[in-house]
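In what follows, a single structure is set out as structure tokens and then discussed.
Below, chains carry the letters A, B, ... as their sequence lines are ordered, and counting in each starts from 1.
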Amino acid sequence: MDKPSLPSGTRDFGPDVMMRRKYLIGCIENTFKRYGFLPIETPALENLRTLQGKYGDEGDQLLFKVLNNGDFLAKADEKTLLNRDSKGLSPLIADRGLRYDLTVPLARFVVMNRDKISFPFRRYQMQPVWRADRPQKGRYREFWQCDADVLGSNGISNEADLISIYDDVFSELDLKVTIRLNHRRLLDAFGNWLQGTQNLGRFMQLIDKADKIGFDGVSQELKANEIPNGIEAWTFLHSTSQMNSPAAILEALQKQESIQNEHLQEGIAALTALFSILDKLKLNNKLQLDLTLARGLSYYTGCVLEVVPSDDRIPADFKIGSIGGGGRYDNLTEIFGLKDVSGVGISFGLDRIYDIIESAQLFPTNALESTTILICAMDETTIPHAFSLAQSLRKAGIATEVYPTAAKLKKQLDYANAKGMHWAAIIGDQEMQSGMVTLKNLQSGDQQTIGQQAITEYIKP
RNA sequence: GCGGAUAUAGCUCAGUCGGUUAGAGCACCAGUUUGUGGAUCUGGGGGUCGCCGGUUCGAUCCCGGUUAUUCGCCCCA
């Protein structure tokens, strides 16, 4: 018999981990609801046509494809087969794939259900996604995203709402983060200076690495890639980003002659409006207008957002990258045949948030609580009685278990301890005859014999 | 797609400069006279030392391959 194993990049979650994941999920979901978002779910499988071409070339390569059923090779082209041409063959044998994120499925959903949706459509979705990436620390092949998106509204106030959600959730989780913000239009404005959109795309890719390789690293890469005016543009961007107020940054952009065009004005107008709302909100976490933030996903067209942890309690060597991201995408539904629907959304990377909070030991201890009381029967004949007591406790909202056999008391109490229970109720001959129960506090060790009705009052804090 | 590291009990890991019965802690089971636990004690079960091949009288240990895991790079949550 083979040893059982898991596909790489996937994990089982035991009860202790699940309790904490549920705590995170609950916190995020409650916040989404508080902002008026409604849930949807979509299938794990999507048609590959839906997924392909939305995430850039790199993204396409990371799609998990699902082999067709039936005798698919019979229909395959002979040349392709004989040439062992994987790229040519794959469209012939795989029509479906696992979803890569929740945004593209949302766009498909909205297009298909446009008649039932009233816009602006505020939906949230918390489901696993899959990427055929090389697993490493903080990177899994199956991981959860928790998304909130607004579709069908251009208003920049939506961005303010979403930033506020980020702030609320991480405040509630007691994790200090920095929310980075930029606008694609501001970067688009650099197109002319860099002499072309291709250079601009490469430029954005390179400056996005600034956190990792620093100012000089990016400069070297720009030089190596021979981006026209790349160094000049980067030097300007970098120094401008150092300024501490958004107003100062926007002003500096206005003064830079090489980027004067309609893109720049559009971006500045949007951000000015956004900050006029955000100025009225009290945020607990740092919000940073960072012109070097580009973000990889190719469908963003407006604001882009990213959340990075910035909490002192995280061990210094625990580096894991961003734990959330989002932005505005103006044309995503158009690909599926619905024009003029702008979308904006954010995503929480549940698994990374878990890893961070675990590393900083910020999970509340009560996130682990499970069963409150164990009923221990001393012999088989008292088990039915134990069940009737359990039923009344459960009706009172107390999580109750009956130990399934009349095992030795030591064993039953060991079990209660292992599950972190607070109470044990012991029922034997003595209790049966008197109609009482021996109630033991497993933390203090105190115990007393009391009437069955009194238990509920006793246990409830 | 590229590079590094690792692979021994259910888990975390020792170890053998190549040599007879491969160890520890945790977990599990049993007992300490049959109704009192959360690090009492005693005992017990459990391993073709990842897989295939080579060197050798002899390989868990050395060498080659392979697979898996893991950490980086690319990219990303």
Side-chain angles (χ1 to χ4, degrees), chain A residues 2-11 14 24 28 55-63 86 100-103 126-147 177 204-206 208-209 211-213 217 221 294-298 305-309 317-327 345-356 374 376-379 382 403 406-432 437-449:
Chain A
D2 282 340
K3 275 197 178 181
S5 65
L6 235 35
S8 78
T10 68
R11 295 147 307 150
L24 296 180
I28 296 168
Y55 307 109
D57 291 342
E58 295 265 3
D60 275 0
Q61 284 175 18
L62 298 180
L63 288 173
S86 305
Y100 178 94
D101 70 0
L102 301 177
T103 307
M126 315 174 79
Q127 289 190 278
V129 301
W130 293 269
R131 296 183 189 177
D133 216 341
R134 206 54 173 261
Q136 52 189 267
K137 186 163 133 196
R139 180 186 299 184
Y140 308 101
R141 287 185 158 181
E142 177 183 66
F143 61 98
W144 275 56
Q145 293 195 329
C146 308
D147 282 26
V177 298
M204 287 183 358
Q205 256 178 19
L206 293 174
D208 214 22
K209 296 203 266 188
D211 312 344
K212 260 191 184 165
I213 59 177
E221 293 261 344
R295 290 191 58 73
L297 287 177
S298 52
L305 286 163
E306 186 167 281
V307 181
V308 290
D317 58 344
F318 198 91
K319 295 212 170 76
I320 206 167
S322 65
I323 55 177
I346 54 169
S347 181
F348 289 81
L350 182 73
D351 305 78
R352 283 189 178 175
I353 293 171
Y354 182 99
D355 290 344
I356 287 282
L374 180 72
C376 308
M378 294 317 302
D379 57 77
T382 54
Y403 198 85
K408 282 192 190 174
L409 193 54
K410 170 177 159 54
K411 192 165 174 159
Q412 301 196 37
L413 293 176
D414 276 342
Y415 174 77
N417 284 320
K419 279 190 84 168
M421 298 189 198
H422 288 194
W423 301 93
I426 301 164
I427 307 180
D429 282 344
Q430 299 156 28
E431 288 83 357
M432 283 287 278
V437 171
T438 298
L439 184 66
K440 185 177 181 72
N441 183 324
L442 291 171
Q443 262 141 35
S444 65
D446 299 338
Q447 68 179 54
Q448 58 189 298
T449 304

Go ahead and name the base partner of [N]; Watson-Crick or wobble counts if both distances stay under 3.5 Å, otherwise write none.
{"N": "B:rC73", "value": "B:rG1"}
{"N": "B:rG37", "value": "none"}
{"N": "B:rU60", "value": "none"}
{"N": "B:rC49", "value": "none"}
{"N": "B:rC28", "value": "B:rG44"}
{"N": "B:rU6", "value": "B:rA68"}

Is there, by distance only and without an angle test, a donor paired with an acceptor across the side chain of [X] and the base of [N] below 3.5 Å?
{"X": "A:Q447", "N": "B:rU36", "value": "yes"}
{"X": "A:K410", "N": "B:rU36", "value": "no"}
{"X": "A:R134", "N": "B:rC73", "value": "no"}

Between B:rG72 and A:Q136, is there an OP1 or OP2 to side-chain N/O distance shorter than 4.0 Å? yes
For B:rC75 and A:K209 - does any side-chain N or O of the residue sit under 4.0 Å from the phosphate oxygens OP1/OP2? yes
If you measure from the C1' atom in B:rG50 to the same atom in B:rU60, how many Å do you get, rounded? 11 Å
Taking B:rA30 as the reference, what is the distance to B:rU70 when you measure between their C1' atoms (whole Å, please)? 39 Å
Separation of [N] [atom2] from [X] [atom1] (nearest whole Å):
{"X": "A:E58", "N": "B:rG1", "atom1": "CD", "atom2": "C1'", "answer": "9 Å"}
{"X": "A:D133", "N": "B:rC71", "atom1": "CG", "atom2": "P", "answer": "13 Å"}
{"X": "A:L24", "N": "B:rA77", "atom1": "CG", "atom2": "C1'", "answer": "14 Å"}
{"X": "A:L62", "N": "B:rG1", "atom1": "CG", "atom2": "P", "answer": "11 Å"}
{"X": "A:Q61", "N": "B:rC76", "atom1": "CD", "atom2": "P", "answer": "12 Å"}
{"X": "A:D446", "N": "B:rG38", "atom1": "CG", "atom2": "C1'", "answer": "14 Å"}
{"X": "A:D414", "N": "B:rG31", "atom1": "CG", "atom2": "P", "answer": "13 Å"}
{"X": "A:M204", "N": "B:rC76", "atom1": "CE", "atom2": "C1'", "answer": "15 Å"}

Choosing from [options], which nucleotide comes nearest the side chain of [X]?
{"X": "A:E431", "options": "B:rC74, B:rG35, B:rG38", "answer": "B:rG35"}
{"X": "A:R352", "options": "B:rG38, B:rA77, B:rG72", "answer": "B:rA77"}
{"X": "A:K137", "options": "B:rC71, B:rU32, B:rG37", "answer": "B:rC71"}

Check every strand shown and say whether [X] touches a base, only sugar-phosphate, or nothing at a heavy-atom separation below 4.0 Å.
{"X": "A:Q430", "answer": "base"}
{"X": "A:S347", "answer": "nothing"}
{"X": "A:Y140", "answer": "base"}
{"X": "A:G445", "answer": "base"}
{"X": "A:K440", "answer": "base"}
{"X": "A:Q145", "answer": "sugar-phosphate"}
{"X": "A:G324", "answer": "sugar-phosphate"}
{"X": "A:I353", "answer": "nothing"}

Nearest nucleotide by nearest heavy atom, which residue falls closer to the 5' end of RNA chain B, A:I323 or A:I426? A:I426
Hey, which of these two, A:S8 or A:D351, hits RNA chain B nearer its 5' end, going by closest nucleotide? A:S8
Can A:E431 and A:T438 be counted as having a side-chain donor-acceptor contact under 3.5 angstrom? yes
Check whether any side-chain N or O of A:Q127 sits under 3.5 Å from a backbone N or O of A:D101 as a donor-acceptor pair, and report yes or no. no
Please confirm whether the backbone N or O of A:L413 pairs with a side-chain atom of A:N417, one donor and one acceptor, at under 3.5 Å? yes
Under 6.0 Å from the ring centre and within 45 degrees of the ring axis: does the NZ or CZ of A:K137 meet both conditions for the six-membered ring of A:F318? yes
Looking at A:F143, is A:R131 sitting on its ring face, NZ or CZ under 6.0 Å from the six-membered ring centre and within 45 degrees of the normal? no
Using the six-membered base ring of B:rA77, report whether A:F143 stacks on it, requiring centroids under 5.5 Å and planes under 30° apart. yes
